[in-house]
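Reviewing the structure listed below.
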Amino acid sequence: MKKILKVLLYILITLILIVFIYWLSERVLSRISAHRENSVLPKDITVYIMSNGVHTDLVFPVKNNLMDWTHLFPLSNNKGKDTKYSYMGIGWGDKGFYLNTPEWKDLKASTAFVAATGIGETALHITYHKSVEENELCYKYMIDTVQYQTLIDFVKSSLEYDTENKPIVINTSAQYGDSDAFYEAKGSYSMFYSCNTWTNEALKKANMPAGIWATLDKGILSHYKK
């Protein structure tokens, strides 16, 4: 019995150490700024980095001379019939988590296990917004055309496409409102590459403020707080 208790104690201590090292690594690396190149191009495109307190979205203008997002993500895929939106938010994440966990109280152990281990499928969540307001969970940032094109390319490269080269909409009743829809995505979600890691990678590629590695929203937002 004593040997069993000792083994269980070692297992418990090991798990605590792993969690602590994971938390500390994320806490440090997410606050260290990733390398950025200087740009002299005019920064006249407004984007937002938005969080719901856990998950981050990139928020872009619905339409400008570089991109009309309604062509890639048709408004007809939303439950609502409204067509007048100014911004569109994009988030990447575990498909099962998106569709089966509208609130934290709905989280199942099986969903959490699949999300943490990276064995499940992923999705892009697209949400159209009438307006966007800055607050402690939403920050505005001005970028140039090269940065914006990089973000556009990053989003496109994250999508799965059908035989007609169109994004594959997920037919589900799990939308969070009347102005959102889900699409099949590439990649695997895990404890080392979360929804926020995807956002952080996009920001790094677009030469925007970002951490070296981030899995939580707070590390990303720390680079935008004034």
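This structure is a prediction, so every number in the text was calculated from the model and none was measured. Numbers here are sequence positions counted from 1.
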Val59 reachable from Val54 in the ILVMFWY side-chain graph, under 4.5 Å edges:
no
Hey, would you say the His55 and Tyr98 ring centroids sit under 6.0 Å apart?
yes
Do Tyr128 and Thr70 touch side chain to side chain, with heavy atoms closer than 4.5 Å?
yes
Should Tyr224 and Leu137 be regarded as members of a common hydrophobic cluster, given that ILVMFWY residues are connected when their side-chain heavy atoms come within less than 4.5 Å of each other, either directly or indirectly?
yes
First locate atom OG1 of Thr122, then atom CD of Glu184, and finally report the distance between them rounded to the nearest 0.5 Å.
8.0 Å
Minimum heavy-atom distance Ala210-Asn200, with the two atoms named:
CB-OD1, 3.3 Å
For Tyr141 and His223, test the side chains for any donor-to-acceptor distance below 3.5 angstrom and give the result as yes or no.
no
Looking at every non-hydrogen atom in both residues, tell me the closest pair between Phe97 and Asp94 and how far apart they are.
N-OD2, 2.8 Å
Applying the 4.5 Å side-chain criterion to the ILVMFWY set and letting contacts propagate, would Val132 and Leu75 be lumped into a single cluster?
no
Got a sec: does the NZ of Lys43 have more than 12 other heavy atoms crowding it under 6.0 Å?
yes
Considering only distance and modelled atom types, tabulate donor-acceptor pairs under 3.5 Å from the side chains of residues 212-220, sequence neighbours left out.
{"unit_1": "Trp213", "atom_1": "NE1", "unit_2": "Phe192", "atom_2": "O", "d": "3.0"}
{"unit_1": "Thr215", "atom_1": "OG1", "unit_2": "Tyr22", "atom_2": "OH", "d": "3.2"}
{"unit_1": "Asp217", "atom_1": "OD2", "unit_2": "Ser51", "atom_2": "OG", "d": "2.6"}

Derivation of the side chain to side chain contact (heavy atoms under 4.5 Å, CB included) call for Val62 and Ser86
CA-CA 6 Å; Val62 168; Ser86 299; 5.6 Å; no
Applying a strict under-4.5 Å side-chain criterion to I, L, V, M, F, W and Y, I'd like to know whether Tyr183 and Tyr161 cluster together.
yes
For the aromatic rings, using the six-membered ring if either is Trp, is the centroid distance between Phe154 and Trp92 under 6.0 Å?
no
For Asp178 and Asn78, the nearest pair of non-hydrogen atoms, with its separation, is O-CB, 3.3 Å
For Tyr139, the ring-ring contact (aromatic ring centres under 6.0 Å, His included) test, sequence neighbours excluded, returns none
Rounded to the nearest 0.5 Å, what separation is found between the CD1 atom of Ile90 and the CZ atom of Phe73?
5.0 Å
Any chance you could lay out the side chain to side chain contact (heavy atoms under 4.5 Å, CB included) test for Val47 and Gln147, step after step, and finish with the verdict?
CA-CA 11 Å; Val47 298; Gln147 290 174 296; over 6 Å; no
Residue pair Gly93 / Cys195: nearest heavy atoms and the distance that separates them:
CA-CB, 4.3 Å
Take a 6.0 Å sphere around NZ of Lys186 and say whether it holds more than 12 heavy atoms from other residues, nucleotides or ligands.
yes
Any chance you could measure Leu159, atom CG, to Ile126, atom CD1, to the nearest 0.5 Å?
7.0 Å
Mind checking what makes side chain to side chain donor-acceptor pair (under 3.5 Å) contact with Ser39, not counting sequence neighbours?
Asp144
Any heavy-atom pair between the side chains of Thr46 and Met142 that's under 4.5 Å?
yes
Nearest 0.5 Å, what's the CD-CD distance between Glu121 and Glu160?
8.5 Å
Roughly how far, to the nearest 0.5 Å, is the CG atom of Asn196 from the OG1 atom of Thr56?
3.5 Å
NZ of Lys79: more than 12 outside heavy atoms within 6.0 angstrom?
yes
Which residues satisfy the salt bridge (charged side-chain N to carboxylate O under 4.0 Å, His left out) test with Lys130, sequence neighbours excluded?
Asp82
Just do the side chain to side chain contact (heavy atoms under 4.5 Å, CB included) check on Ile143 and Leu151 with the steps written out, would you?
CA-CA 10 Å; Ile143 62 175; Leu151 291 171; 3.8 Å; yes
Taking Glu37's backbone N and O only, do any of them form a donor-acceptor pair with Asn207's side chain (distance below 3.5 Å, no angle check)?
yes
Walk me through whether Leu72 and Met67 qualify under side chain to side chain contact (heavy atoms under 4.5 Å, CB included).
CA-CA 9 Å; Leu72 194 64; Met67 184 65 180; 4.0 Å; yes
How many angstroms lie between atom NZ of Lys204 and atom OG1 of Thr150, to the nearest 0.5 angstrom?
14.5 Å
Transitively linked via ILVMFWY side-chain contacts under 4.5 Å: Tyr48 with Val155?
no
Considering residues at least two apart in sequence or located in another chain, which fulfil the salt bridge (charged side-chain N to carboxylate O under 4.0 Å, His left out) criterion with Glu26?
none
Residues passing the ring-ring contact (aromatic ring centres under 6.0 Å, His included) test with His129, sequence neighbours excluded, are none
More than 12 heavy atoms from other groups under 6.0 Å of CZ on Arg27:
no
Tell me if the aromatic rings of Phe60 and Tyr148 count as close, with their centers under 6.0 Å from one another.
yes
Looking only at atom types and distance, does a side-chain atom of Ser158 sit under 3.5 Å from a main-chain N or O of Ala185, one as donor and one as acceptor?
no
Are any non-hydrogen side-chain atoms of Lys205 and Asp153 less than 4.5 angstrom apart?
no
